[in-house]
Amino acid sequence: MTLTLLDRTRCTDAATGKDADASPGKDVVDPGAAPEPEKSPDSAPCRAAGREADGLAVASFVLGLVGLLVFNIVLGPMAIVMALLALTRRTRRRGRAFLGLALGVADLVVLAALVTANGTVAWSIGG
């Protein structure tokens, strides 16, 4: 492990034009020290935002699907908002976000039909 860290230090020094032999104190690496993570400035936030948008798309689909059965007054609008957020953040799961949006709208349509039929927001399955 120490040899690998030393080689990395020499490679980075050689790439930047520094001479590794000019400063002997910098080649010494503590064997117990953890290696410094390589920094890539744009990749980490992009990946995190992409995963978050994908999660929003899946969550909107699940909430829209469950909302067809129960709590459609709450889950329908939540599915719509999450689907729109996922589409705004350019999710890779666009189909799932569109399904979540459609199911959220369907939740509100089912709610409107039940309110019209029963005159109340409560479900009445037993007749």
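In what follows, residues are counted from 1 in the order of the sequence shown. What you see below is based on every heavy atom in this structure, not just the backbone, and it leaves out hydrogens, waters and symmetry mates.
- Looking at every heavy atom in both residues, M82 comes nearest to L63 through SD-CD1, 3.7 Å.
- Between atom OG1 of residue T91 and atom CZ of residue F98 there is a gap of 10.5 Å, rounded to the nearest 0.5 Å.
- Remark: V58 pairs with V62, R93, R96 by the side chain to side chain contact (heavy atoms under 4.5 Å, CB included) rule, at least two apart or across chains.
- Across A86 and A57, no two heavy atoms sit closer than the pair CB-N, 3.7 Å.
- With sequence neighbours excluded, the residues satisfying side chain to side chain contact (heavy atoms under 4.5 Å, CB included) with L99 are F61.
- For V74, the side chain to side chain contact (heavy atoms under 4.5 Å, CB included) test picks out M78, with sequence neighbours left out.
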Validation: residues 103-116 side-chain donor-acceptor distances under 3.5 Å, sequence neighbours left out:
from : atom 1 : to   : atom 2 : distance (Å)
D107 : OD1    : L68  : N      : 3.0
T116 : OG1    : A112 : O      : 2.7

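- Applying the side chain to side chain contact (heavy atoms under 4.5 Å, CB included) rule to A83 yields the partners S60, L101; only residues at least two apart in sequence or on another chain are considered.
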